[in-house]
Structure formats: structure tokens, C-alpha cells
Amino acid sequence: MAEKAAVLFRADWLSASAGGRLAGNPGAVVSAVEVDSRAVRPGALFAALPGERVDGHDFIVPALSAGAAVILASEEGWSLRSAVLEPALARTGAAAVLVSDPLKALQEAARAWRLQFPSLLRVGITGSSGKTTTKECLGRILSRKYRTAVNPGNLNSEIGLPQAMFLLRPEHEVGVFEMGINHAGEMDALVRVWEPSHALITNIGTAHIGILGSRRAIAQEKKKIFSRIAGAAFAWEDDEFLPFLAEGLPAGLRTFGPRTLAGLEGFRDAGLDGWILRYRGTEIAFPLPGTHNLLDALAAVAMANALGCGPEEIREGLEGATALFGRSEIFRGKVTVLRDCYNSNPDSAARALEFCDSLSWPGRRVYVLGSMLELGAESETEHRALGVRAGSSRAEALFFFGAETAESARAAREAGFAGPVVQTEDFDELARAAAELARDGDLWLLKASRGMELERLTDILRRG
């Protein structure tokens, strides 16, 4: 028998929390919160949000047909469609909460939900890269000691974080929530919703620099995560913006890293098998490879220690870590594939190349590098720099995928790369060329921004 969905709130609670006008059934009960009408199941709240390509108000009728109990919509969007929406609402016995701005209303409702749990320890994690892995590692460690909530997947934005708030329950003692931003002002909204009591910045890099404009602007936006903390604040020991991040923090800023993590007695690189750490007399086999993953693990250990976790809890948490989709996934076989294509920016691409070059590998190395998106005016310069790095790497063949990588391929050849260089915008062409080149014993790196969907190459290589 299927488990009965938990009751979250009624339509009249949402109306009061979000400051909206209530239409329909005030006692309609919500058991889940969705912003995609395709995910709506009976009992869901459907928040009709306007987007760049589609308007959620156009999907209210399908949401009601799928069993939505409550609709959160704008007064204007509802009014324009009232001839269709009001009869549909009456037929289904659902409710609508009408507001001026559905996104802000969703955020206010999420904040109201979170405020029902005043004793909850609230950890916020942000950074240009590594925040999801750090969140997952920290969540695994803390769950050994506390009843812990972690926001799933990448529900970390001004839309996703409010959704994730509704996963909080009275039994939770700690929440670990990733907070991702890509435009100015977004962190203000996230902090209002979550209000971290403890916070950590993994690094200040170049992700979303095309939108935010500069690394300084990125640092200014991410620093806001510290604006309301009462507990520990952490940042990477070698971050260029460390002095700026520390300014104005009454309790000071702590650091994490190989030199400053208290209790770290040593570590050894185990290549594709990850790392062997020695922490407070305990040996830990951390299975995620690469220096970037080591730093994420050390960040998690630093925060876990600040929250009272001991060496054994830390060992169990880190040894249970698993690679997330598109993040340092390793597929072993005749051809070994390192799939790191959930995201790419100049910093993470350079780290991926450095890691693959550092491996003791008996066969060929082949690097497939896709476009790095959201770089704005820096795109041509950074893609050219990527090509220079790749051209001087230990790869025996290079593939560049996406319009932006034409400059990368040119720069790799100019850097003196002697092996095959393939550049294309057509995935079928990429797939054919890769399948023809692949042979037993190869190591293939797949690195690109998520929008390039480079993971499609995995099965093609493994079939070979």
C-alpha cells in the first residue's frame, strides 16, 4: 500500500502567509509544492511562475486536471484567463491564492514554514563550484549525529530553495541547504528564506561572471550568506577574497583547507579511487577523486566539527559519499570515462585537466571539452585560455564541442598540440568521431556546461 502523503498546510494558511486573496475552497489541503505542472500530483500546490520562455499561468488548467489542490498565481495572470480558470477551479473544488508576485509569495510562504522550526540549526553553503558535493558530504556526516534535512538535487535557487523549505519537518534538528545565485540580489532573497545560522563559502570563482560582471561582484553577492549568522562562518584558506569575506563578521571567519583544518594529520592521493585522509587518528577512505573533491570534503569536515561531530561520524559520512550525476562520475571498462559535465567554468575546467594530467595512466588520455556558458564578454578570452591549457596537456587527442569552442581548438593548435583536434557544433558528428577514435585502455574526460548535454557521449564510448 502506498504511503499517505503528509499534510503540509491548508489554502487559508498559504493565503495568510503569502499575503494573497483566497478564492475557492479555504480548507483545501496541500501535501507537496511544485512549480512544474508536469510534476503535479493530487494534493499539490502549483505555483504558476512566469519564466523567460513559458508562463506558468498557461498550465494552471493541466495542473488542476492532475489534482492540484491549490494554485498560487498572480492577480493579473488569473484575471486574463478567468473565463477558463474560474469554472475549472469550481469543478475541482480546489483553491487559488492570488498575489501581485507569485515568486515573492512563494518565498514568503517558505519563510513562514521555516519559522515554525525555531530550534533548527540552519547551515547555508554557497560558492562558485563545489557547493553540491560539500552539501552532500556534510549532510551524510551530520546525519550520523542529528536528524538532518538536505535540499535535494539543485533546489538551491530563488525558486528551488523555497520549494525545498517544505521538506522540513518538526523532527529535524539540522538543515543543510545549498544556496546558488546567478544574478545580483538573489542571495538577499535566499537569506531571507533560509536565514543560515552557520554558513560556508566554498570558493569565489568565475561561474556566472557573464551575468554578475566580475569576480568582485560575485564575492559581494556570495558574502551576503554571512549577513544573519549567529554561528560559524567558513571560507577556503587560499581564497583571493578572504580578507573581504572576513570584513564585518563579529565572530570572525574560519578557514578550511589542508593547512588550516584542525585535526587533519595527512592525506594521500589515490587517483581515481579518491583520497586516504588521516583525521584525529582515524583513517578515512574518501572515494571522490581530484583536488576539488578533497577541498569539498575538508570544507564538510570543518563545518561538521564546528557542529559537534567526532572523527567516527566524519569517517562514516565521508566514506559513504557517492558521485552525483555529472560530477566526477567514473565509468570503468574497456574505455574509462570521467564524466564531469554538470557544470563547467574556467576554474573547474582547469582543475579537471590538471587532475587527468596528474594520473598515472597506462593508456591514452582523450579530453572532450564543451562550451563554458554564461561567461558573457569573457567568453572568447576564457575559451581561448582553455584551448591553450588543453593544448599543453598530456592528452593524445582533443575534442571541442560547441560554437564557443572554435577559439579553443584554434588556440590548442597554436599552442603546439600535435595530436588530433576535432571541433564541432554537431553532436552526431562528435559521436561518430569519438567512436572511431576510442580504443581499449583509454581514459576519456567529458567536461562541459550542463546545457551541452555532453553526458550523451558516455554510452557511445562504453559501447566501443
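For clarity, every value in this text was computed on a predicted model and none was experimentally measured.
In this structure, Phe286 has its ring center at least 6.0 angstrom away from the ring center of Trp275. Aromatic ring centres of Phe9 and Phe166: separated by under 6.0 Å.
Remark: side-chain polar atoms of Glu221 are paired, donor with acceptor, to backbone N or O of Gly185 under 3.5 angstrom. One N or O on the side chain of Thr148 and one on the backbone of Tyr146 form a donor-acceptor pair closer than 3.5 Å. Using a distance-only test at 3.5 Å, with no hydrogens or angles considered, no donor-acceptor pair links the side chain of Asn25 to the main chain of Ala95. Checking side-chain atoms of Arg81 against main-chain N and O of Gly77 turns up a donor-acceptor pair under 3.5 Å. Between the side chain of Asn305 and the main chain of Val301, no donor-acceptor pair closer than 3.5 Å is present. The backbone N or O of Arg169 sits less than 3.5 Å from a side-chain atom of His172, completing a donor-acceptor pair. A donor-acceptor pair is defined here as one N or O able to donate and one able to accept, closer than 3.5 Å; such a pair exists between the side chain of Thr134 and the backbone of Gly130. A donor-acceptor pair is defined here as one N or O able to donate and one able to accept, closer than 3.5 Å; such a pair exists between the side chain of Ser82 and the backbone of Ser79.
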Show your reasoning for whether salt bridge (charged side-chain N to carboxylate O under 4.0 Å, His left out) applies to Glu265 and Arg280. CA-CA 7 Å; Glu265 297 161 355; Arg280 299 193 188 278; over 6 Å; no
If you apply the rule salt bridge (charged side-chain N to carboxylate O under 4.0 Å, His left out), what do you find for Glu34 with Arg41, and how did you get there? CA-CA 9 Å; Glu34 304 291 351; Arg41 299 293 181 268; over 6 Å; no
Could you walk me through whether Arg140 and Leu318 pass side-chain contact (heavy atoms from CB on, under 4.5 Å), step by step? CA-CA 7 Å; Arg140 285 182 177 273; Leu318 289 186; over 6 Å; no
Walk me through whether Leu106 and Val33 qualify under side-chain contact (heavy atoms from CB on, under 4.5 Å). CA-CA 10 Å; Leu106 179 63; Val33 176; 4.0 Å; yes
Can Asp188 and Lys222 be said to form a salt bridge (charged side-chain N to carboxylate O under 4.0 Å, His left out), step by step? CA-CA 9 Å; Asp188 296 292; Lys222 291 189 180 297; over 6 Å; no
For Arg192 and Glu108, what are the C-alpha separation, side-chain angles and deciding distance, and is it a salt bridge (charged side-chain N to carboxylate O under 4.0 Å, His left out)? CA-CA 9 Å; Arg192 177 167 173 77; Glu108 286 304 304; 2.8 Å; yes
Candidate pair Thr260 and Thr255, rule side chain to side chain donor-acceptor pair (under 3.5 Å), full reasoning: CA-CA 6 Å; Thr260 57; Thr255 59; 3.0 Å; yes
Stepwise side-chain contact (heavy atoms from CB on, under 4.5 Å) check, Leu457 with Phe401: CA-CA 11 Å; Leu457 202 56; Phe401 178 50; over 6 Å; no
Walk me through it: do Ile330 and Arg332 pass the test side-chain contact (heavy atoms from CB on, under 4.5 Å)? CA-CA 6 Å; Ile330 298 168; Arg332 301 175 191 269; 3.9 Å; yes
Please evaluate residues Ser129 and Asn343 with respect to the criterion side chain to side chain donor-acceptor pair (under 3.5 Å), reporting the C-alpha separation (whole Å), side-chain torsions for both, the decisive distance (0.1 Å), and the verdict. CA-CA 9 Å; Ser129 59; Asn343 187 27; over 6 Å; no
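With Arg144 as the fixed residue, the salt bridge (charged side-chain N to carboxylate O under 4.0 Å, His left out) test singles out one of Glu316, Glu319, Glu313: Glu316. When the options Arg122, Arg114, Lys224 are evaluated for a salt bridge (charged side-chain N to carboxylate O under 4.0 Å, His left out) with Glu195, the one that passes is Arg114. Just one of Lys447, Arg351, Arg327 meets the salt bridge (charged side-chain N to carboxylate O under 4.0 Å, His left out) condition when paired with Asp340; it is Lys447.
Rounded to the nearest 0.5 angstrom, Leu454 CG and Cys341 SG are separated by 5.0 Å. A distance of 4.5 Å separates OG in Ser408 from CG in Leu386, rounded to the nearest 0.5 Å. How far CD1 of Ile159 is from CD of Gln107: 8.5 Å, rounded to the nearest 0.5 Å. How far OG of Ser128 is from CD1 of Ile201: 9.5 Å, rounded to the nearest 0.5 Å. Here CD of Glu455 is found 11.0 Å from OH of Tyr342. Values are rounded to the nearest 0.5 Å. Rounding to the nearest 0.5 Å gives a distance of 9.5 Å between CG of Asn203 and OG of Ser348.
Across Asp58 and Pro62, no two heavy atoms sit closer than the pair O-CD, 4.3 Å. In terms of heavy atoms, Glu173 sits closest to Leu120 at C-CD1, 3.4 Å. For Leu168 against Trp113, the heavy-atom pair with the smallest separation is O-NE1, 3.2 Å. Residues Phe267 and Leu264 approach most closely at CD2-CD2, 4.1 Å, considering heavy atoms. Closest approach of Pro102 to Ser74, counting heavy atoms only: CG-N, 3.5 Å. In terms of heavy atoms, Gly124 sits closest to Pro196 at N-CB, 3.8 Å.
Side chains of His292 and Ser328: a donor on one and an acceptor on the other come within 3.5 Å. Counting only N and O atoms by type, the side chains of Arg339 and Thr458 include a donor and acceptor under 3.5 Å apart. For the residue pair Ser371 / Glu404, a side-chain donor-acceptor distance below 3.5 Å is found, with atom types taken as modelled.
Asp238 has a carboxylate O that lies under 4.0 Å from a charged side-chain N of Arg259, or vice versa, which qualifies the two as a salt bridge. Residues Glu354 and Arg389 are not paired through a salt bridge, judged by the lack of any N-O separation under 4.0 Å between the basic side chain and the carboxylate.
Counting only heavy atoms from C-beta outward, the side chains of Leu295 and Thr202 never approach each other to under 4.5 Å. Residues Asn156 and Met179 have side chains not in contact (no heavy-atom distance under 4.5 Å, counting atoms from C-beta outward). Contact annotation: the side chain of Leu167 approaches that of Pro152 to within less than 4.5 Å [non-hydrogen atoms, C-beta and beyond]. Taking the side chain as every heavy atom from C-beta outward, Phe355 and Thr291 never approach each other to under 4.5 Å. Between Phe234 and His198, every side-chain heavy-atom pair lies at or beyond the 4.5 Å cut-off. In this structure, Thr282 and Leu277 have side chains that are not in contact, with every pair of non-hydrogen atoms separated by 4.5 Å or more. Between Leu45 and Ile71 the shortest side-chain heavy-atom distance does not fall below 4.5 Å. Side-chain contact check for Leu103 versus Glu158: some heavy-atom pair is nearer than 4.5 Å.
In the displayed structure, Arg38 atom CZ is contacted under 6.0 Å by at most 12 heavy atoms of other residues, nucleotides or ligands.
Judged by the 6.0 Å and 45° rule, Arg456 forms a cation-pi pair with Phe427. At least one test fails for Lys135 against the ring of Phe177: distance under 6.0 Å to the centre or angle within 45° of the axis.
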